[in-house]
Student: 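My questions will all concern the structure given below.
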Amino acid sequence: MATSATGTKLGSPTTSARFSLLQIAISLMIAQAILSLPSNPAAFSDFSEWRFPLEIAGIALLASVFTGHAFTLLRGVIALLLAIMLLLKLADIGTGIAFQRPFNPYLDLKILTDGWNLLSGAVGVKEAAGIVCAGLLVWLLAAAVLYWSLGGFRHLTAEGRRTSALVSGIILLAGLAAFTVQDRGRRNLGVDASAGPYLLNRVAMVKDSVADLERFEDELKQDPVPDGPHFSALAGTDVVLIFIESYGRSAIEDPRYATRIHGRLSSMEGELEAAGLQARSGWLTSSTVGGMSWLTHGTLLSGLWINNQARYDRMITSERPSLNSLFRASGWRTAAVMPAITLDWPEAGYFGYDSVHAAAGLGYRGKPFNWITMPDQYTLSAFERLERQGRDRPGDKPVMAEIALISSHAPWTPVPTLVDWERVGDGTVFDAQAESGDPPSGVWADPDRVRAQYIASIDYTLQTLGSYMARYGRNTLFVLLGDHQPASIVTGEGASRDVPMHIVTGNPELLKRLDGWNWHEGMIPAKDTQVDRMDEFRRKFVQSFD
């Protein structure tokens, strides 16, 4: 074989050429990893539908053809688009796990803080910080290495460029032909071209969100509830509306949980009947799933479908009267008991509360249960002490209270246990319970443990409510409901968004007003009961008790 004057064998790839080929291989592998990464968490358990992304051949073809400044621009555009796609897919995975939906750039940037609270509450602050930092590190490294490795195309010889362009062109044309046949439903030929549709879908999602806000403005102008006063049938009756965190339809109907929760609800029925109380139960469809409970609170209380943060933000600046405001205008004293609120809560002004009892104002001196500031039993005991104790004097207004119970919020460890109501005191009686059990990192390492802890927390909250209503249910109408279904790790993929609702009172005349709802007697909703959306409750409730 002939050699050059420097001794290098002609026709043999130089070290520089080999390095360029290595760079090119790295760039294409990273691009393929990004393009093939599922954006749906469920897809990680099934790789049977994996397909070769045709964009790889397109990248190789363009990078082989462009030179000079055009190549520099192309290199930056490819690296930027793939970096954006990777970031969106990582965000999709996060919102998919938490809320069972894709990431919406227009709406979800506003809830990053809440996403952090959810993650850190579930697995711990250090673990959550590690997950976030690892994700950002992977993204930054992938983007940087991708940009660097694409530079390998710049150093190809003219012959190498022609060969690369020819091979990648043939692969692209063959792949497009196979994709066309596949797309017509004839058979799966193992190719895909989803990058463009994926990015365009995200742009369309933003456009749809903007248009949705315009539609929401029209919804704000149409209130089916006329001016009050209202609730004449409830005159003199306290109304206590209680949201139960993560109490969804799956807790009652999923075979993994049904036996335990049916037993608990049946036990509650007996306890309530012994106290002279009766219940009706049905279903509502929640506006969210897995988290963002304030959206469901807003939906139920405003009678508007609040399924994203933008709608919520607009709602609280509107003049649409909440259910609380309707009670306040009709002669009730309104209160909010919110043990999860630890910061300023300016949104409270919209709802029309006479008093707001956030975490710091409930007098709890015990230790927190990880993210949970206090157990549900203490929250209910504090409500009785702060709002209903000593209010039996003539002329005292009845109370309409909204209470959020949070013991069934992730991370579901440790799970409290019921104590004698006389021992609740300032909450220090719960200290030993707060220090028991495994830390969140231990529980969340095992999905079966997560599910077991979840249903134990729901069981505790229902037990506490049964005991509470039997003890404090005189002259009261209780409205209990789940705010949303828990995350898919508990329910599985494809679970409904339905939540149970129970209305409990000792006045049978009030329950008769619910006959038109066709709800089931007792604490267990019938499987075939008609399901209303959560935003329809306000109208139906006002009409039933006017």
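Along the sequence shown, the residues carry numbers beginning at 1.
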Student: As a test of understanding, state which of R539, R538, R533 forms a salt bridge (Lys or Arg N to Asp or Glu O under 4.0 Å) with D535.
Tutor: R533
Student: Go through the steps for Q485 and S250 under the test side-chain hydrogen bond (donor to acceptor under 3.5 Å, both in side chains), then give the verdict.
Tutor: CA-CA 7 Å; Q485 285 265 52; S250 294; 3.0 Å; yes
Student: Are V542 and F231 packed together at the side-chain level, in the sense that at least one heavy-atom pair is separated by less than 4.5 angstrom?
Tutor: yes
Student: Ignoring hydrogens and geometry, is there a side-chain-to-backbone donor-acceptor pair from N370 to T413 under 3.5 Å?
Tutor: yes
Student: For W412 and W444, I'd like to know if the aromatic rings sit close, meaning centre-to-centre distance below 6.0 Å.
Tutor: yes
Student: Between D92 and K89, is there a salt bridge with N-O shorter than 4.0 Å?
Tutor: no
Student: Which one of L462, L480, L481 satisfies the side-chain contact (heavy atoms from CB on, under 4.5 Å) criterion with Y247?
Tutor: L462
Student: Is the shortest heavy-atom distance from the side chain of M205 to the side chain of N201 under 4.5 Å?
Tutor: yes
Student: May I ask you to decide if E245's main-chain N or O and S408's side chain share a donor-acceptor pair within less than 3.5 Å?
Tutor: yes
Student: Is the shortest heavy-atom distance from the side chain of L465 to the side chain of L380 under 4.5 Å?
Tutor: yes
Student: When rounded to the nearest 0.5 angstrom, what distance separates CD1 in I252 from CG in L265?
Tutor: 5.5 Å
Student: Given the rule in the side-chain hydrogen bond (donor to acceptor under 3.5 Å, both in side chains) test, do H484 and S293 qualify, once you have shown the distances and angles that lead to the verdict?
Tutor: CA-CA 7 Å; H484 53 70; S293 303; 3.2 Å; yes
Student: For atom CG of D344, is the number of surrounding heavy atoms from other residues, nucleotides or ligands below 6.0 Å larger than 12?
Tutor: no
Student: Do D223 and P321 have side chains that approach each other closer than 4.5 Å (heavy atoms only, starting at C-beta)?
Tutor: yes
Student: More than 12 heavy atoms of other residues, nucleotides or ligands under 6.0 Å from CG of D218: yes or no?
Tutor: yes
Student: When you look at S232 and F545, which way does the side-chain contact (heavy atoms from CB on, under 4.5 Å) test go after all the steps?
Tutor: CA-CA 7 Å; S232 58; F545 292 102; over 6 Å; no
Student: Return yes if some donor-acceptor pair links the side-chain N/O of W283 with the main-chain N/O of D532 below 3.5 Å, else return no.
Tutor: no
Student: Between CG of L323 and CG of L300, what distance do you get to the nearest 0.5 Å?
Tutor: 7.0 Å
Student: Once you round to the nearest 0.5 Å, how far does CG of L304 lie from OG1 of T299?
Tutor: 8.0 Å
Student: Under 4.5 Å between any side-chain heavy atoms of P411 and W371, yes or no?
Tutor: yes
Student: For the residue pair Y454 and Y257, categorise the inter-ring angle as parallel (less than 30°), tilted (30 to 60°) or perpendicular (more than 60°).
Tutor: perpendicular
Student: Can you see which heavy atom on I244 is nearest to which on T461, and at what distance?
Tutor: CG2-CG2, 3.7 Å
Student: For Y353 and E402, what are the C-alpha separation, side-chain angles and deciding distance, and is it a side-chain hydrogen bond (donor to acceptor under 3.5 Å, both in side chains)?
Tutor: CA-CA 9 Å; Y353 306 121; E402 175 193 348; 2.5 Å; yes
Student: What's the separation between atom CZ in R333 and atom OG in S355, rounded to the nearest 0.5 Å?
Tutor: 4.0 Å
Student: Nearest heavy-atom pair of P398 and G331: which atoms, and what distance?
Tutor: CD-O, 3.8 Å
Student: Take H297 and F243, measure what ring pair (Phe, Tyr, Trp, His ring centres under 6.0 Å) needs, and give me the verdict at the end.
Tutor: CA-CA 8 Å; H297 292 211; F243 287 94; 3.8 Å; yes
Student: Backbone N or O of P226 within a donor-acceptor pair of the H230 side chain at under 3.5 Å?
Tutor: yes
Student: Return the minimal non-hydrogen interatomic distance between I306 and S302, and the atom names on each side.
Tutor: CG1-OG, 4.2 Å
Student: For D483, does its backbone N or O pair with a side-chain atom of S286 as donor and acceptor, under 3.5 Å?
Tutor: yes
Student: Please check if atom CD in E217 has more than 12 non-hydrogen atoms from other residues, nucleotides or ligands closer than 6.0 Å.
Tutor: yes
Student: With side-chain contact (heavy atoms from CB on, under 4.5 Å) as the test, would you mind laying out the steps for L295 and N307 before giving the verdict?
Tutor: CA-CA 6 Å; L295 301 185; N307 62 344; 5.7 Å; no
Student: Please answer whether the main-chain N or O of Q32 pairs with a side-chain N or O of S36 as donor and acceptor at a distance below 3.5 Å.
Tutor: yes
Student: Rounded to the nearest 0.5 Å, what's the gap from CG on L172 to CD1 on I56? Could you check?
Tutor: 11.5 Å
Student: State which residue, out of V399, L234, D354, N324, fulfils the side-chain contact (heavy atoms from CB on, under 4.5 Å) condition with W332.
Tutor: L234
Student: I want to check something: taking the side chain as every heavy atom from C-beta on, are L514 and I503 in contact at a cut-off of under 4.5 Å?
Tutor: yes
Student: Mind checking whether L199 and M85 have side chains closer than 4.5 Å, heavy atoms only?
Tutor: yes
Student: Contact between R320 and Y350 at the side-chain level, heavy atoms closer than 4.5 Å - yes or no?
Tutor: yes
Student: I'd like to know if the side chain of E55 reaches the main chain of A195, judged simply by a donor and an acceptor atom lying under 3.5 Å from each other, with no hydrogens or angles considered.
Tutor: yes
Student: Between T288 and R497, which heavy-atom pair has the shortest distance, and what is it?
Tutor: CA-NH1, 3.6 Å
Student: Say whether, by atom type as modelled, one donor and one acceptor occur between the side chain of T296 and the main chain of S287 under 3.5 angstrom.
Tutor: no
Student: Any salt bridge between E536 and K540, counting N to O under 4.0 Å?
Tutor: no
Student: When you measure from the side chain of T237 to the backbone of T476, do you find a donor-acceptor pair of N or O atoms at a distance under 3.5 Å?
Tutor: no
Student: Which heavy atom in T529 sits nearest to a heavy atom in G282, and how many Å separate them?
Tutor: CG2-CA, 4.4 Å
Student: Evaluate N308 against N104 for side-chain contact (heavy atoms from CB on, under 4.5 Å), listing each step before the verdict.
Tutor: CA-CA 10 Å; N308 60 59; N104 187 318; over 6 Å; no
Student: Atom CD of E219 and atom CH2 of W305: how far apart are they, to the nearest 0.5 Å?
Tutor: 11.0 Å
Student: Is there a side-chain contact (heavy atoms from CB on, under 4.5 Å) between I403 and L241 once you walk through the steps?
Tutor: CA-CA 6 Å; I403 304 175; L241 171 64; over 6 Å; no
Student: Let me see the working for S322 and S325 under side-chain hydrogen bond (donor to acceptor under 3.5 Å, both in side chains), right down to the final yes or no.
Tutor: CA-CA 5 Å; S322 70; S325 296; 3.2 Å; yes
Student: Give the minimum heavy-atom separation between W294 and Q309, together with the two atoms involved.
Tutor: NE1-OE1, 2.8 Å
Student: Has H502 got a side-chain atom pairing as donor or acceptor with M523's backbone, closer than 3.5 angstrom?
Tutor: yes
